[in-house]
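See below for the structure under consideration.
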Amino acid sequence: MKFTESFIISLIAEHYNLDVSCRILNGYDELNFLLTDSSGKKYIFKIATEEHNPYFLDAQVQMINLLSKSALSKKFQHYIPANSSVDIGKIIFDGSTYYFRLLSYLEGDFWVNQKEKTLALSYNLGSFLGEMDLILKDFKHSAANRHYDWDVKNTLDVRKNLNYIKSHENRRLVAYFLMQFETEVQPHISSLRNAVIHNDANDYNVLVEGDQITGLIDFGDMVCTSLINNLAIACTYAMLDSEKPLEVAAEIVKGYHSKMVITELEVSLLYYLIAGRLCISLCQSAFNYSNDSSNEHHFLTEKPAWQLMHQLIKINPLKAHNEFRLACGFSAVINQNENHETILKERKQYLGNNLSISYHNKVKIDKGALQYLYDDQGNTFLDCVNNVSHVGHCHPAVVQAMQKQIATLNTNTRYLNDKIVEYAKRLTATLPQELTVCYFTNSGSEANDLAIRMSRHFTKQKDVIVLDHAYHGTSTTAIEMSPYKFDGKGGFGKMPYIHKAQNPDMYRGAFKYGDNQAGEKYAQDVDRIIQSLEIESKKPAAFICETLLGVGGQIALPPNYLKQVYTKVRKAGGICIADEVQVGFGRVGTKFWGFELQDVVPDIVVLGKPIGNGHPLAAVITTKKIADAFNNGMEYFNTFGGNPVSMATGLAVLNVIEEEELQKNALEVGNYLLRRLASLKPKYNMIGDVRGNGLFVGVELVKDRITMKPAVPEINHIVERMKDRGFLMSTDGPLYNVLKIKPPIIFSKENADAFVDNLDQVFAEL
């Protein structure tokens, strides 16, 4: 439709007896015009299409008429009746019906244009809205009882538009908050107070002058819904472009509560309602982009909305809840004097005392959110070490796959089920063609135990070659082949059938960086073991090695190391096991599996940790030849291994890695992180080595680079200080002097920058 300014001028003269000039204004879905008469008095003229129910337009008129009779009268536009004494006029134009209204003009500047938005202004916004909602609390109009896309109550409807968000990171973020809305808000909606609300106190509808609210315009979004949504929407838009969004929202809540009392239930949901409104806005913008919308009003708040969404996930929901409660004068939900004495005492009473807890000042984690963790004190932590939550804590796609499957079926593998076959196909498709047979277990320890059992059965030998300082799990067999355990405190020492090969450490070992033959030279130590076995008329059953060394010091193997070792072991009759429990599934970036960095194909691959994103799932994958030999009449059965829920979970993880291009992300962000960490090395002599592949990174700390004496007290201080700054990390290595950095592979460059910038400051403190 196209209404010219001259047409509007004649229309106004005909229906209102006014002589005006006209200027077209932008609008979301109605046509808006600014009119000025000869005396300089201004008006707003609105035209709605026939798609706008005239009965709903009447609801707007009645709502504004009610407000115009209140103490807030001057803060709302008034309807100016046409010559026919009606507030809503009707015309036929080009065969279509249109409805028009003339309103008074409100002075003031839009909230969005305020360069300095004070807390007093935020408080006054809340107070104004609270007073307005108090006036409207008994207002009823059946036209307001509508299903509306922009009603926060209907937040979950926008899932249909999720795929229009092109950025993997942004789409994942919105999906996470939609899942939280479903979990935290949806069950309580029927218990919330209902009212007819304005529903769009956004930064382009709120008028201000100084610290005062001078008006609120545009009632086209009015709807009967949960009363608290009106406050949530106002908070959402007021938080845009703020460095302290939670502080802004708390002041609005405080002001609102001073006029219209908020219930404790409403307060508890406010954080998620704010996120819900953002989800609606961002999904709608993405959908509009897909339709090549040229209406700039569709995208006015998109950039700051994304910024706020990324700020919001860094705000612990418990902290937000606490701040909102305090703003209302309710008691706090965070006990700042909590020292966790009770849970520590009960943990000591009911759990084994050798179950360790990280950090000097313990952290009680209550909630996970992608790459973030929230504690019970309102703190938010960036998780820089949890490689188990491979695609992020509570990744919505993984959670939903688990929920759907557990609501459908979970049983053992004695029955036919599509999920186990589907997952086995998908998993083996990521591996070399020789590796085709899967056995599913519940943990990496269990999988390594099974792999050794298979190797011993296949070779009829018992001896196993491991790397010094290696760790392969907690089962009896796994501990027997883990020098990290059997050589450590409480260890029972090396069994005679276990043989330790030299750790191929190019920083601290015999053959250093720059030695192009380091891989071959370290591999020669395996010859020593094989020869010693030959003297006793024995052969190795297996050589097992992490394809990047975790507990051994976050070490990337020297080029050609595994190629040389595998050749030697196979020649001696043994089989080669790749332990991918910590490094598989795209973490190393350039390849999907760590062993691919060495250009080798193992006989058995062991998978765990990231395979189920925290769900207990692991696998052993081997060749048909080894699998056939293992089928010796003794049944392999694992009650939970391969159950449908685990299989659905594993499939979801593979889907997420592929769809969100997370291997590529691990490569790009990992390389960026390594460069940034390496840039600290010239500044601090304590940094002896920076190493790794993708998002598997180690930083070895020494007292000085000549003696390479491990900086153990210092590294513990660094880990504690980083925790205090909101970054969770850990230490590793035979000498406990390596910073272990293995975050979820959704880690971003922004995360890397925040981490390294803070690490830089902590080093400077030392």
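This is a predicted model, so every value here is computed, not measured. Nothing fancy with the numbering, it's 1 onward along the sequence.
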Chi angles and distances behind the side chain to side chain contact (heavy atoms under 4.5 Å, CB included) call for E169, N665: CA-CA 10 Å; E169 181 180 14; N665 186 73; over 6 Å; no
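- Note: F492 and F486 have parallel aromatic rings, judged against thresholds of 30 and 60 degrees for the angle between ring planes.
- The number of heavy-atom neighbours closer than 6.0 Å to NZ of K591, taken from other residues, nucleotides and ligands shown, is 12 or below.
- Interatomic distance, CD1 of I621 versus CD1 of I626, reported as 12.5 Å (0.5 Å rounding).
- Other residues, nucleotides and ligands contribute more than 12 heavy atoms inside 6.0 Å of the CG atom of N632.
- Counting heavy atoms of neighbouring residues, nucleotides and ligands inside a 6.0 Å radius, atom CD of Q433 does not exceed 12 of them.
- Formation of a donor-acceptor pair under 3.5 Å by the K681 side chain with backbone atoms of G688 is found in this model.
- Side-chain atoms of S482 do not come within 3.5 Å of backbone N or O of K485 as any donor-acceptor pair.
- Counting only distance, with no hydrogens or angles, the side chain of R691 and the backbone of Q554 share a donor-acceptor pair below 3.5 Å.
- How far CD1 of I529 is from OG of S532: 6.5 Å, rounded to the nearest 0.5 Å.
- Shown here is I706, whose CD1 atom has no more than 12 heavy atoms of other residues, nucleotides or ligands within 6.0 Å.
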Side chain to side chain contact (heavy atoms under 4.5 Å, CB included) between T622 and F630, intermediate numbers included: CA-CA 11 Å; T622 189; F630 189 58; over 6 Å; no
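- Put simply, the side chain of T567 gets close to the backbone of K563: a donor and an acceptor are under 3.5 Å apart.
- Electrostatic pairing of D525 and R528 counts as a salt bridge here, judged by a charged N lying under 4.0 Å from a carboxylate O.
- The heavy-atom pair separating L695 from I745 by the smallest distance is CD1-CA, 3.7 Å.
- If you take OH on Y484 and NE2 on H472, they are separated by 13.5 Å, rounding to the nearest 0.5 Å.
- The distance from the CG atom of N638 to the CG atom of L450 is 8.5 Å, given to the nearest 0.5 Å.
- Here the two rings, on F747 and F755, have centers that are 6.0 Å apart or farther.
- Annotation: F640, atom CZ; neighbour count of heavy atoms from other residues, nucleotides and ligands within 6.0 Å does not exceed 12.
- Y176 and C394 get closest at one heavy-atom pair: CD1-O, 3.8 Å.
- No donor-acceptor pair closer than 3.5 Å links the side chain of Y566 to the backbone N or O of F543.
- Counting all heavy atoms, side chain and backbone alike, G444 lies closest to V606 at O-CG1, 4.2 Å.
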Candidate pair D515 and M506, rule side chain to side chain contact (heavy atoms under 4.5 Å, CB included), full reasoning: CA-CA 9 Å; D515 185 341; M506 290 193 292; over 6 Å; no
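- In plain terms, the two heavy atoms of L739 and M729 that are nearest each other are CD2-CE, 3.6 Å.
- To the nearest 0.5 angstrom, N643 atom CG is 8.5 Å from I420 atom CD1.
- Between E546 and K609 there is no salt bridge, since no side-chain nitrogen of the basic residue lies less than 4.0 Å from a carboxylate oxygen of the acidic one.
- By the neighbour-count criterion of 12 heavy atoms within 6.0 Å, atom NZ of K512 is densely surrounded, having more than that number from other residues, nucleotides or ligands.
- Of the candidates V738, I715, D689, I715 is the only one forming a side chain to side chain contact (heavy atoms under 4.5 Å, CB included) with L701.
- D760 places no side-chain N or O within donor-acceptor distance of the main-chain N or O of V756, the cut-off being under 3.5 Å.
- A donor atom on one side chain and an acceptor atom on the other are found under 3.5 Å apart for S748 and N751.
- Ionic pairing of E660 and R171 is not present here: no N-O contact between side-chain nitrogen and carboxylate oxygen is shorter than 4.0 angstrom.
- Put simply, the side chain of H469 never gets that close to the backbone of N503: no donor and acceptor are under 3.5 Å apart.
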Intermediate values then yes/no, side-chain hydrogen bond (donor to acceptor under 3.5 Å, both in side chains), Q502 and D468: CA-CA 6 Å; Q502 194 174 9; D468 199 5; over 6 Å; no
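- Here the NZ-OH distance, from K314 to Y372, works out to 4.5 Å after rounding to the nearest 0.5 Å.
- Across all their heavy atoms, L673 and A752 have their closest contact at CD1-CB, 4.1 Å.
- Between R721 and D724 a salt bridge is recorded (basic side-chain N to carboxylate O distance below 4.0 Å).
- Side-chain atoms of Y522 come within 3.5 Å of backbone atoms of F511 as a donor-acceptor pair (strictly under, hydrogens ignored).
- For R676 and D753, the salt-bridge test passes: some basic side-chain N is under 4.0 Å from an acidic carboxylate O.
- Here K749 pairs with nothing under the side-chain hydrogen bond (donor to acceptor under 3.5 Å, both in side chains) rule; sequence neighbours left out.
- Residues A424 and T428 share a closest heavy-atom pair of O-OG1, 2.8 Å.
- Using a 4.0 Å cut-off between a side-chain N of Lys or Arg and a carboxylate O of Asp or Glu, D603 and R570 qualify as a salt bridge.
- The number of heavy atoms from other shown groups lying within 6.0 Å of NZ (K539) does not exceed 12.
- Residues satisfying the side-chain contact (heavy atoms from CB on, under 4.5 Å) criterion with S389, sequence neighbours excluded, are N386, H393, N613.
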Evaluation steps, side chain to side chain contact (heavy atoms under 4.5 Å, CB included), between M708 and E700: CA-CA 10 Å; M708 295 196 294; E700 183 155 356; over 6 Å; no
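- With E580 contributing its side chain and F595 its backbone, the two residues share a donor-acceptor pair below 3.5 Å.
- A donor-acceptor distance shorter than 3.5 angstrom exists from the side chain of W593 to the backbone of T430, with no hydrogens or angles considered.
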